[in-house]
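Structure record follows, encoded as structure tokens.
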2 protein chains.
Amino acid sequence: MWTIIVHKEDGVTMEIIRRNTEYSIRALVHLALHPGRDVTAAEIAEAQEIPLEYLQKILQKLTRGGFVGAQRGARGGFYLAKDPEEINLLQVIELMQGKLAMNKCFLGKNGCNRAPKCVLKNNWLQLEQRIAGFLSQITLLDLVEQVREGGRPGGGE
Amino acid sequence: MWTIIVHKEDGVTMEIIRRNTEYSIRALVHLALHPGRDVTAAEIAEAQEIPLEYLQKILQKLTRGGFVGAQRGARGGFYLAKDPEEINLLQVIELMQGKLAMNKCFLGKNGCNRAPKCVLKNNWLQLEQRIAGFLSQITLLDLVEQVREGGRPGGGE
DNA sequence: ATTAATGTGGACTATAATAGTCCACAAAGA
DNA sequence: TCTTTGTGGACTATTATAGTCCACATTAAT
């Protein structure tokens, strides 16, 4: 039976996936939808309604992370550096937001002094792994298919 | 096979449980360890090394949330308003941080326009529920037992 | 070679979320 | 009535996130 908790604040939520990750995914989906050519940051920004300058930073990270390739100069742009099925959500989240973790041990004041035998710690790790496992199963290909099936929600052309 | 992702930033992590929740839990554990009397905010702050003024805010939230009771005036203080096994982690997290969510649908620009039939959305919801289910299974009693078994890591007396 | 189009890297600012502080006041015991 | 305690609201500080700007490197087209 669930205990009812009343939140005074309206719809406050703590979201695990932040905006930079969301932008990243939309950009990756866009690239996946336009294979075989270099797509400029400007085009992606326009189509996906992402601030261009911010998107450039994100694309730089994605480039360094090995998800996309970049071609400089006139007629340059970005392209997927991997097959869509080889890119998964966990990778993108961790690249953009850092490693996902429950938290450090929160019992004890200065960090837990008995981590090795802490049952709770093991629970955290298990949960972390379950979350990670789930996220790593969702690939860019899945996302692209979602977009293709639906009414072109990521559209713009 | 795992793809290796190199993070340039050192140990950057995005933690799900934030400090206010951690403080909350430490406070609740402290109360559970000292049943049958009113414990002042000052005592908890001292024992758990939490800034007093901040802890007071947290205790107010916990009071409004129904987890602890408060007794004003001289010799007043706080006490658990529920049995430790009736308080679970999910409740505390959601009280302090708001409802846990993956995110709103991130495909599409202005929020997803086909949420009802979105497979991904369902995946999110499933994952959210798994996480929630897990967190709701961990009770304050479990945490207290952890502390009792270990070398009094939350100690102070 | 020159020019225009493009990504790169670093520094910078803005906004928002989180953490933390302060104070006047209300309640209750001594 | 005095002291101890929690309450509520406003306030400040710090940090994380989001967003901007610009000088520069690279490349294609002319």
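In this text the structure is predicted, and so the values were computed from the model without any measurement. The chains referred to below are lettered A, B, ... by the order of the sequence lines, with proteins before strands, and numbering in each begins at 1.
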Using a cut-off of less than 4.0 Å, is there contact between a side-chain N or O of [X] and OP1 or OP2 of [N]?
| X | N | result |
| --- | --- | --- |
| B/Asn20 | C/dT18 | no |
| B/Tyr23 | C/dG20 | yes |
| B/Arg18 | C/dA17 | no |

Worksheet item: Quick one: ring pair (Phe, Tyr, Trp, His ring centres under 6.0 Å) pairs with a partner in residues 68-90 of chain B, sequence neighbours left out?
Response: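 Sorted pair list comes back empty.
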Could you pull out all residues at least two apart from [X] that satisfy side-chain contact (heavy atoms from CB on, under 4.5 Å)?
| X | result |
| --- | --- |
| A/Glu85 | A/Asp83, A/Leu141 |
| B/Thr21 | B/Ile17, B/Ile25, B/Val92, B/Ile93, B/Met96, B/Gln97 |
| B/Gln56 | B/Ala41, B/Leu52, B/Glu53 |
| B/Gln60 | B/Lys57, B/Arg64 |

Length of the [atom1]-[atom2] vector between [X] and [N], whole Å:
| X | N | atom1 | atom2 | result |
| --- | --- | --- | --- | --- |
| A/Glu43 | C/dG7 | CD | C1' | 15 Å |
| A/Gln48 | D/dG19 | CD | C1' | 18 Å |
| A/Glu22 | D/dG19 | CD | P | 10 Å |
| A/Glu53 | C/dT6 | CD | P | 15 Å |
| B/Ile50 | C/dA19 | CD1 | P | 12 Å |

Practice prompt. Look up atom CZ in B/Phe67 and atom CG in B/Leu140, then write down how far apart they are to the nearest 0.5 Å.
Written response: 10.0 Å
Discussion item. Whether the side chain of B/Gln48 engages the backbone of B/His30 through a donor-acceptor N/O pair (distance < 3.5 Å, no angle test) should be reported.
Written reply: no
Worksheet item: With nearest nucleotides of DNA chain D determined for A/Ala74 and A/Leu55 from heavy-atom distances, which residue corresponds to the more 5′ nucleotide?
Response: A/Leu55
Pull out every protein N or O sitting under 3.5 Å from an N or O of nucleotides 14-16 of chain C, one pair per line with the distance.
none

Worksheet item: Residues two or more places apart in sequence or in another chain: which of them pass side-chain hydrogen bond (donor to acceptor under 3.5 Å, both in side chains) with A/Thr40?
Response: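 In terms of side-chain hydrogen bond (donor to acceptor under 3.5 Å, both in side chains), with neighbours along the sequence ignored, A/Thr40 is linked to no residue.
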Discussion item. If you assign B/Arg75 and B/Pro51 each to the DNA chain C nucleotide with the nearest heavy atom, which residue ends up on the more 5' nucleotide?
Written reply: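 Result: B/Pro51.
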Discussion item. For nucleotides 6-15 of chain D, give me one character per nucleotide, 5' to 3': B if any protein heavy atom sits under 4.0 Å from the base, S if the only such contacts are to the sugar-phosphate, - if neither.
Written reply: SBBBB-----
Discussion item. Among residues at least two apart in sequence or on other chains, which ones pass ring-ring contact (aromatic ring centres under 6.0 Å, His included) with B/Tyr23?
Written reply: B/Tyr54
Item to complete: Identify which nucleotide among C/dA4, D/dC21, D/dG19 has an atom closest to any side-chain atom of A/Arg19, counting heavy atoms from C-beta outward.
Response: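 The closest nucleotide is D/dG19.
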